[in-house]
Amino acid sequence: MKITQILPVNPTSYGGVQRHFSEISKIFISDGNSLTCICPLSSNETSLKPNFLSGIKLIEIDQGKTLVTKIISKLCQFLFFKTMYDSEIVHFHDYGSVLKFFPLFIICLILNRKLSITFHGWEGKFPPQKKTILMRRIINSSISRSINVGDYIEKWYKTNPKIVIYGGYDCNKSKNYKVKQISSSIIKFVFIGRLEEDTGIRAYLESWLNFNPDTDCELNIYGNGSLNLELTRKINASKVTNVHFHGWTSEIELILQGADVVLTSGYLSVIESVVFEKKVVSYYDNELKEDYLKLWIDAQNYITLCGSTHELLDAYYHSVYKKSSDLDFEKFRNKYSWRNVVEKYYDLWK
């Protein structure tokens, strides 16, 4: 098939949408599909050189910075009429891609192309703005084939999907995974995610500062964000020596193999942590984030949910002293591979 995916962000930057796109695209290409990606022009500050772009026709469009250049950018999108015409499938990732590439959306409607969309997440601000909910609902009603990443999206944004997914893990990278039990002299806690308000990093750290087990523990933080400098200064001022900031890493699998407990509330990090049979502690600080985690029924037996710093502190102690339950990790692994996610896309496009 000739598949065109339209993104609201450049796939060479960091983020959940970019990761999702890269993983499914690698499989689409290996299945023999022809792939085109239309996205905003890359920023030099966040640009990477990922191998997954090999085999993908990448079309980067400057979005413009002033009103005049933004209008010109929108008009120039009509030059890609042939790309839309040649595409058998046109898939938008998140409602923001429809807004940024609205002329392409109009062209597809005129050509009666098979349109579909994935609603990836929320905006990080609670409660969601009414105009955002309305915009999502309008777009969802205009595109009959839609995927929600998480059951909470339908509840909070009223977008009725054909399929619900959560993400996956790379089977090839994880074939030779090694399950490491808590037996070393130092118990390693790991935080993986953006250093932003909506990831719970403040609460994780606040609880850690009150965590005094009678065994050696350390917290390794992997991620970047606007809170990086503030949190680093806070830890330095506290004189705590068992917290280490490492910045962003692409070696997630390697990090997880050496971890004992993972602090994360993002779907992809939770999936990868469970695949490696790690104890997972997930924090929520509002009703939407609570539904984000609790409505994911498959994950409930594998993660410890916390709605306060007190509950986080208890979870830290339980992670150290309480033995793991006998869980069916193989069943989880079989269900949450990227191959299974791709099969969901194929089902959507039938």
Side-chain angles (χ1 to χ4, degrees), residues 15-17 19-20 94-95 118-134 136-137 140 146-161 163-168 189-208 210-211 219 221 223 225-227 231 261-274 278-319 322 325 327 332 335-336:
V17 175
R19 176 79 183 282
H20 183 104
D94 249 340
Y95 76 101
T118 298
F119 291 102
H120 280 273
W122 65 301
E123 294 70 35
K125 295 181 179 180
F126 181 82
Q129 294 183 326
K130 291 182 178 179
K131 64 178 182 180
T132 301
I133 296 174
L134 178 61
R136 283 177 176 243
R137 293 185 67 182
N140 185 69
S146 66
I147 293 176
N148 282 354
V149 181
D151 281 290
Y152 78 99
I153 292 180
E154 182 176 6
K155 177 179 177 179
W156 285 90
Y157 294 96
K158 313 301 180 186
T159 53
N160 187 20
I163 294 172
V164 176
I165 60 176
Y166 285 89
F189 285 67
V190 169
F191 171 88
I192 301 174
R194 295 174 295 107
L195 304 188
E196 303 291 349
E197 298 287 354
D198 63 302
T199 62
I201 181 60
R202 284 187 188 277
Y204 286 125
L205 276 178
E206 182 180 341
S207 298
W208 186 266
N210 295 309
F211 180 45
L219 172 59
I221 298 174
S226 61
L227 299 179
L231 297 177
V261 184
V262 182
L263 312 180
T264 185
S265 57
Y267 288 153
L268 294 184
S269 295
V270 168
I271 289 172
E272 289 169 325
S273 300
V274 174
K278 303 304 177 180
K279 293 183 177 180
V280 181
V281 177
S282 298
Y283 173 77
Y284 60 86
D285 59 356
N286 60 59
E287 295 172 38
L288 185 151
K289 193 69 176 183
E290 182 178 7
D291 284 337
Y292 175 99
L293 293 165
K294 287 188 175 181
L295 293 181
W296 185 10
I297 304 301
D298 288 344
Q300 297 312 298
N301 291 331
Y302 300 92
I303 60 180
T304 300
L305 296 179
C306 304
S308 67
T309 53
H310 177 73
E311 290 180 356
L312 273 177
L313 187 58
D314 286 344
Y316 291 171
Y317 282 111
H318 287 164
S319 297
K322 189 177 180 180
S325 303
L327 298 171
F332 190 94
K335 185 171 183 178
Y336 287 98

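The shortest non-hydrogen separation linking Gly168 to Ile271 is N-CD1, 3.8 Å. Here the shortest heavy-atom pairing between Leu195 and Gly223 reads CD1-O, 3.5 Å. For the residue pair Tyr166 and Gly150, the shortest heavy atom distance occurs at CE2-CA, 3.6 Å. Scanning both residues, Thr264 and Ser273, for their nearest heavy atoms gives CG2-OG, 4.4 Å. Closest of all the heavy-atom pairs between His120 and Val149 is O-CB, 3.5 Å. For the pair Thr199 and Ser265, the tightest heavy-atom approach, listed with the atom from each and the gap, is O-OG, 3.8 Å.
At least one side-chain heavy atom of Leu263 sits under 4.5 Å from a side-chain heavy atom of Leu219. In this structure the side chain of Asp298 reaches within 4.5 angstrom of the side chain of Lys335, judged on heavy atoms. No side-chain heavy atom of Arg194 sits less than 4.5 Å from a side-chain heavy atom of Leu227. For the pair His20/Ile165, a side-chain contact is recorded, criterion being any heavy-atom separation below 4.5 Å from C-beta on. Ile147 is not listed as a side-chain neighbour of Pro161, based on a closest heavy-atom distance of 4.5 Å or more. Under the 4.5 Å side-chain criterion, counting only non-hydrogen atoms from C-beta, Ser146 is not in contact with Thr159. You'll find the side chain of Glu196 stays beyond 4.5 Å of the side chain of Ile201, heavy atoms only. You'll find the side chain of Tyr267 stays beyond 4.5 Å of the side chain of Tyr336, heavy atoms only.
Although no hydrogens or angles enter the test, the distance criterion places no donor-acceptor pair under 3.5 Å between the side chain of Tyr152 and the main chain of Trp296. A donor-acceptor distance shorter than 3.5 angstrom exists from the side chain of Tyr204 to the backbone of Tyr283, with no hydrogens or angles considered. The closest donor-acceptor contact from the side chain of Lys278 to the backbone of Val262 lies at 3.5 Å or more, if one exists at all. Judged by distance alone, the side chain of Tyr157 and the main-chain N or O of Trp122 form no donor-acceptor pair under 3.5 Å.
Going from atom CZ of Arg19 over to atom OG of Ser269 covers 8.0 Å, rounded to the nearest 0.5 Å. In this structure, Thr118 OG1 and Ile163 CD1 are separated by 9.0 Å, a value rounded to the nearest 0.5 Å. Note that the OG atom of Ser207 and the OH atom of Tyr317 stand 10.5 Å from one another [nearest 0.5 Å]. Once rounded to the nearest 0.5 Å, the distance linking CG of Asp151 with CG of Leu293 reads 12.0 Å. Distance check: Asp291 CG to Ile153 CD1 gives 12.0 Å after rounding to the nearest 0.5 Å. The structure places CZ of Arg137 at 9.0 Å from CG of Asn140, a figure rounded to the nearest 0.5 Å.
Under the side-chain hydrogen bond (donor to acceptor under 3.5 Å, both in side chains) criterion, Glu311 pairs with no residue at all, not counting sequence neighbours. With sequence neighbours left out, the side-chain hydrogen bond (donor to acceptor under 3.5 Å, both in side chains) criterion links Lys294 to Glu290. Residues that satisfy the ring-ring contact (aromatic ring centres under 6.0 Å, His included) test with Phe119, not counting sequence neighbours, are absent from this structure.
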* To do: Applying side chain to side chain contact (heavy atoms under 4.5 Å, CB included), run through Tyr292 and Tyr284 and close with a yes or a no.
  => CA-CA 9 Å; Tyr292 175 99; Tyr284 60 86; over 6 Å; no

* Go through the steps for Leu313 and Thr309 under the test side chain to side chain contact (heavy atoms under 4.5 Å, CB included), then give the verdict. => CA-CA 6 Å; Leu313 187 58; Thr309 53; over 6 Å; no

* **Verdict with reasoning, Thr132 to Tyr95, per side chain to side chain contact (heavy atoms under 4.5 Å, CB included)** => CA-CA 9 Å; Thr132 301; Tyr95 76 101; 3.4 Å; yes

* To do: Check the pair Val274 / Leu327 against side chain to side chain contact (heavy atoms under 4.5 Å, CB included), numbers first and verdict last.
  => CA-CA 10 Å; Val274 174; Leu327 298 171; over 6 Å; no

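Ion pair Glu123/Arg136 flagged as a salt bridge, since at least one NZ, NE, NH1 or NH2 atom sits closer than 4.0 Å to an Asp/Glu carboxylate oxygen.
Phe189 has its ring centre less than 6.0 Å from the ring centre of Phe211.
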